[in-house]
There are 2 protein chains.
Amino acid sequence: MVKAADRAKNPARSSVWLETRTSRSGGGPAGLDRDRIVAAAIRMLDEEGLAKLSMRKLAAELNVTAMSLYWYVDTKDDIIEYAVDTVYGEIDLAAVDAAGDWRDRMRVLALDYRRMLVRHPWMSPCAGYYLNIGPHAIAVGGKIQETIRDTGLPMDRQPSAMSAVFQFVYGYGTIQSQFESRAAQAGMSQNEFYGESIKAFRDDPQFMEALEPMTDLLDERASHGSVTEIWDRDFDYALDVLVAGIEVMVARESAAGTGT
Amino acid sequence: MVKAADRAKNPARSSVWLETRTSRSGGGPAGLDRDRIVAAAIRMLDEEGLAKLSMRKLAAELNVTAMSLYWYVDTKDDIIEYAVDTVYGEIDLAAVDAAGDWRDRMRVLALDYRRMLVRHPWMSPCAGYYLNIGPHAIAVGGKIQETIRDTGLPMDRQPSAMSAVFQFVYGYGTIQSQFESRAAQAGMSQNEFYGESIKAFRDDPQFMEALEPMTDLLDERASHGSVTEIWDRDFDYALDVLVAGIEVMVARESAAGTGT
DNA sequence: AGAGTCCTTGTACGGTGTACGAGACCTAGT
DNA sequence: ACTAGGTCTCGTACACCGTACAAGGACTCT
């Protein structure tokens, strides 16, 4: 029989989800449970960040020794992979179905996806690192696919359009959550942090050279409202661009299909 | 006077680039040098990945003790931040200028950016984690901005369009490099790895349910050519979508500008 | 009472980033 | 020539990390 530890040591093992899963539900004295472990991990990740999470601290949070966790999980990485998938589950897929046409549904999904990434700043690096093939991530993927299908694009173009939209959302969510958590870490409001960054740039001639064409814009933005509003407004407009682009491509494909 | 170590310990310190930099060029017996350290770090990161890089191993590579590195650098994180910026420097900005209109320039830049991310699989998580405000990253940002400016979009819309394009490139590069390095780690070709993943899905009823609408497509793709070609083709088409979207928005904005 | 299964723990190993202080070298000033 | 100070390297040490291993407690079944 292959032991759990051996499986985990296999360098070709790409994901927890590609293993035959054992439930190991917790009838033990500590009332432990993989769900409870993952939930605690998520809480700690949200509060302290990815770098600060350790098995010992996580165990302490659950009033247990570090090694107890290994009964439910093969490695620390597995906990994080479970956490990632659990957080994918926070995206409200029912709300997507409730929305109108594909444009609305895509918007609702994109907004909720981004909100999720920003709410959990550790998610972006993790989601970029692991194969996201847990049940919740797959469900989100399926919903994205469903949404794109209704655009009317030919099937072999749909994955490409999916990428255009949701890789953008991922990238955007990444830098936004990055920015926000840096600001929080520095103990500043987002507006303050933005202002300080601009000021630091302005003092450095090297930056000014490369960014010269941008400075007017940066100033204008700094004085123009809260940073949060700018994030929202830019995101919205980018989605407009994507919707418009898809519409054009649909028209083109159908024109090509009918022989011009 | 503020010592280097104290600066590094400051929790509000957001980036190496926001500090007054001391050059510390290496006239020492070991011929060390910050550039040499960073170059070695990049080589090791490319070969072994982010998780395997340690100060001791990096130092050994340079025939030096771990602590020697700290003369040139405050923390390990700083080395990585320098490495990230150095790799941004690999993007060929001159080639962008040589290309034709904004569509071509945007394409050239996007392709090279993606190539860079795929060539250095550790880049995506790192670029997502650090503020990318080193000189090379800023230069790339400036070039992106220059490119987008020529679309004719009003200035306050340009950052949004920049996001749409280059956050997409970042996201796309992230999953592609992720996929490729997983395949390599598993000792398979990309086609083999793709096939194995599909097979694993097919054996799991839970996956099949969520992905049911996609399976035909996945099969079609698996039989349709090399995975590498698919990556390229999808990326290209997504850029088409983005270009088309920007063109539409330009037309709309100018229509609105002239009062319809 | 004994055996077996499930869960938790203590201990220990080899690794990590890096603080601190002691040197080795070189260069400048007297 | 001799010293002083700056520049660079190293050895040691600390606290912490992920986790292998084996021993134990609790509970169930026979």
Side-chain angles (χ1 to χ4, degrees), chain A residues 1-11 13 16 22-37 40-41 44-45 48-83 129, chain B residues 1-11 13 16 22-37 40-41 44-45 48-83 129:
Chain A
M1 181 217 168
V2 184
K3 287 208 334 216
D6 294 335
R7 273 195 283 114
K9 265 189 296 192
N10 175 5
R13 193 182 83 127
V16 237
T22 54
S23 65
R24 315 225 115 162
S25 51
L32 225 47
D33 189 316
R34 202 174 59 202
D35 287 349
R36 257 166 53 73
I37 293 174
M44 292 186 69
L45 285 166
E48 312 252 19
L50 184 56
K52 293 281 189 61
L53 183 72
S54 83
M55 294 298 271
R56 283 178 240 258
K57 276 188 277 196
L58 176 56
E61 190 84 358
L62 294 160
N63 298 314
V64 127
T65 21
M67 290 313 293
S68 297
L69 306 177
Y70 284 92
W71 181 254
Y72 302 91
V73 130
D74 286 345
T75 65
K76 182 192 176 186
D77 258 34
D78 287 2
I79 296 181
I80 299 176
E81 219 176 330
Y82 285 125
Y129 180 72
Chain B
M1 181 216 167
V2 185
K3 287 207 337 215
D6 293 335
R7 272 193 285 115
K9 266 189 296 191
N10 175 3
R13 194 183 81 126
V16 238
T22 53
S23 65
R24 316 223 116 165
S25 50
L32 224 49
D33 188 316
R34 201 174 61 203
D35 286 350
R36 257 165 55 71
I37 293 174
M44 293 185 70
L45 285 165
E48 311 253 20
L50 184 57
K52 293 281 187 61
L53 182 73
S54 83
M55 293 300 270
R56 285 179 240 259
K57 276 187 278 196
L58 176 56
E61 191 85 356
L62 294 160
N63 298 312
V64 127
T65 21
M67 289 313 293
S68 296
L69 305 177
Y70 285 92
W71 180 254
Y72 301 92
V73 130
D74 286 346
T75 66
K76 182 190 177 188
D77 257 35
D78 287 1
I79 295 181
I80 299 177
E81 219 176 330
Y82 285 125
Y129 180 71

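Reminder, nothing fancy here: chain letters follow the sequence lines and each chain counts from 1.
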| said: Looking at A/Trp71, I'd like to know whether one of its side-chain N or O atoms comes within less than 4.0 Å of OP1 or OP2 on C/dT8. | reply: no
- request: Scan B/Leu69 against the nucleic acid and name what it touches under 4.0 Å (heavy atoms): base, sugar-phosphate only, or nothing.
  value: nothing
_Between C/dG17 and B/Arg56, counting only base atoms on the nucleotide and side-chain atoms on the residue, is there a donor-acceptor pair under 3.5 Å?_
yes
Scan B/Ser54 against the nucleic acid and name what it touches under 4.0 Å (heavy atoms): base, sugar-phosphate only, or nothing. sugar-phosphate
Under 3.5 Å donor-acceptor, B/Arg36 side chain and B/Leu62 backbone
no
All heavy atoms of A/Tyr129 vs all of A/Asp77, minimum pair found to be CE2-OD2, 4.2 Å
Presence of B/Tyr72 side-chain N/O under 4.0 Å of D/dT9 phosphate oxygens OP1/OP2
yes
- Under 4.0 angstrom, heavy atoms only, what part of the nucleic acid is B/Lys57 near: base, sugar-phosphate, or nothing? sugar-phosphate
B/Lys76 NZ to C/dG15 P, in whole Å, measures 15 Å
**Asked** Taking C-beta and beyond as the side chain, do A/Val73 and A/Ile37 meet within less than 4.5 Å on heavy atoms?
**Response** no
- Item | Any B/Thr65 side-chain N or O less than 4.0 Å from OP1/OP2 of D/dC10 | yes
Atom CE of B/Met67 and atom P of C/dG17 are separated, to the nearest Å, by 11 Å
Atom CG of B/Asp77 and atom P of C/dT16 are separated, to the nearest Å, by 16 Å
message: I'd like to know if the side chain of A/Lys76 and the backbone of A/Leu53 have a donor-acceptor N/O pair within less than 3.5 Å.
response: yes
A/Asp74 CG to D/dA20 P, in whole Å, measures 9 Å
Atom CG of A/Leu62 and atom C1' of C/dC7 are separated, to the nearest Å, by 15 Å
Distance test, side-chain N/O of A/Ser68 to OP1/OP2 of C/dT9, below 4.0 Å
yes
Quiz item: So, the side chain of A/Lys52 versus the backbone of A/Leu45: is there a donor-acceptor pair under 3.5 Å, distance only?
Solution: no
When rounded to whole Å, the CG to C1' distance for the pair A/Leu58 and D/dC16 reads 16 Å
Side-chain contact check for A/Met55: nearest option of D/dG18, C/dT11, C/dT18 is D/dG18
Separation of C/dT16 atom P from B/Tyr70 atom OH, nearest Å, is 11 Å
With the side chain defined as heavy atoms from C-beta on, A/Val64 is closest, among C/dT9, D/dT12, D/dG18, to C/dT9
Which of C/dG17, D/dT19, C/dT8 is nearest the side chain of A/Leu32? It is C/dT8
request  = Look at all strands and tell whether A/Leu53 reaches a base, only sugar-phosphate, or nothing, counting heavy atoms closer than 4.0 Å.
outcome  = sugar-phosphate
